[in-house]
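Data block below; observations after.
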Amino acid sequence: MEIEELFAAKEIFFERIGIKEDQSRKRKLVYARAAFVNAFRREAGPSVMGRIIGRDHASVIHYRKIHEENMHYKDYKELYDKAVTYALEVSNEDITFKMDSSDLLRLIKELREEIGLLKKEAVELYIYKEKFFKLKELI
């Protein structure tokens with residue numbers, strides 16, 4: 001992807017999420033920059049990506065280092081997921097190409113947690129079903 005395309009992608013992404021870039025350090029704005037950087041990390045190096053987001057390469061490296069920690073915050077995770085979705089729209093490539101090992105491990109962990117919750121819900125529903133049939137017999 002060319003640098004001009006990345007500039008345009010950044011502008012469109014920020015417009016989609018409703019954030020106006022004002023070069024401040026507001027939390028939502030910093031999270032949006034970090035989400036964009038991490039979603040498009042395969043498209044450009046730190047120096048180029050820094051120019052695109054209006055920061056230096058050190059900020060880009062920092063955003064990449066704290067990505068896993070930020071994924072614990074709901075507002076960052078939502079922005080990152082939107083950025084990844086947008087990156088896939090722009091690149092028209094397979095999702096696994098955009099994911100690295102940490103993304104895949106995070107996805108596996110989330111799916112296992114969801115399976116656990118669904119199993120727990122299934123057990124609870126089974127218990128309710130048994131109680132329902134016992135009550136039905138009494139009536």
Over all atoms of both residues, closest heavy-atom pair of E68 and H72
O-CD2, 3.5 Å
Hits for side-chain contact (heavy atoms from CB on, under 4.5 Å) against I3, two or more places apart or cross-chain, chain-then-number order -> F7, V48, R51, I52
Distance (rounded to the nearest 0.5 Å) between L125 CG and L118 CG
10.0 Å
Atom CD1 of I61 and atom CD1 of I66: how far apart are they, to the nearest 0.5 Å?
13.0 Å
Kindly say whether E2 contributes a backbone atom to a donor-acceptor pair with the side chain of E5 at under 3.5 angstrom?
yes
Any salt bridge between E21 and R33, counting N to O under 4.0 Å?
yes
Between Y128 and E124: side-chain donor-acceptor atoms closer than 3.5 Å
no
Looking only at heavy atoms, which two atoms of V60 and M49 are closest? And how far apart?
CG2-C, 3.9 Å
I19 and A32 have their tightest heavy-atom pair at CD1-CB, 3.7 Å
Audit row: E15, I12, side chain to side chain contact (heavy atoms under 4.5 Å, CB included) steps and yes/no
CA-CA 5 Å; E15 186 178 306; I12 293 169; 5.5 Å; no
Just so I know, are the side chains of H67 and Y63 near enough to count as touching, which here means a heavy-atom distance under 4.5 Å?
no
Tell me, do F14 and L29 make a side-chain contact under 4.5 Å, heavy atoms counted?
yes
Heavy-atom donor-acceptor pair, D56 side chain to S59 backbone, under 3.5 Å
yes
Heavy atoms of A35 and A83 approach each other most closely as O-CB, 3.6 Å
Any side-chain heavy atom of I127 within less than 4.5 Å of one from V123?
yes
Please evaluate residues E110 and E114 with respect to the criterion side chain to side chain contact (heavy atoms under 4.5 Å, CB included), reporting the C-alpha separation (whole Å), side-chain torsions for both, the decisive distance (0.1 Å), and the verdict.
CA-CA 6 Å; E110 289 173 1; E114 187 175 346; over 6 Å; no
Does any non-hydrogen side-chain atom of V37 lie less than 4.5 Å from one of R64?
yes
Could you go through the side chain to side chain contact (heavy atoms under 4.5 Å, CB included) check for I17 and K82 one step at a time?
CA-CA 8 Å; I17 60 175; K82 288 177 183 177; 4.0 Å; yes
Are K77 and N70 side-chain neighbours, meaning at least one heavy-atom pair lies under 4.5 Å?
no
Using ring centroids (six-membered ring only for Trp), state whether F40 and F36 fall under 6.0 Å.
yes
Give, for atom CD1 of I139 and atom NZ of K134, the distance between the pair rounded to the nearest 0.5 Å.
14.5 Å
Are Y73 and M71 connected into the same hydrophobic cluster when the rule is that any two of I, L, V, M, F, W, Y join if their side-chain heavy atoms are below 4.5 Å apart?
yes
Tell me whether R16 is salt-bridged to E89, with the criterion being a basic N under 4.0 Å from an acidic carboxylate O.
yes
What I'd like to find out is whether the side chain of L6 reaches to under 4.5 Å of the side chain of K10, using heavy atoms alone.
no
For the pair Y31 and Y76, name the ring-plane relationship: parallel under 30°, tilted 30 to 60°, perpendicular over 60°.
perpendicular
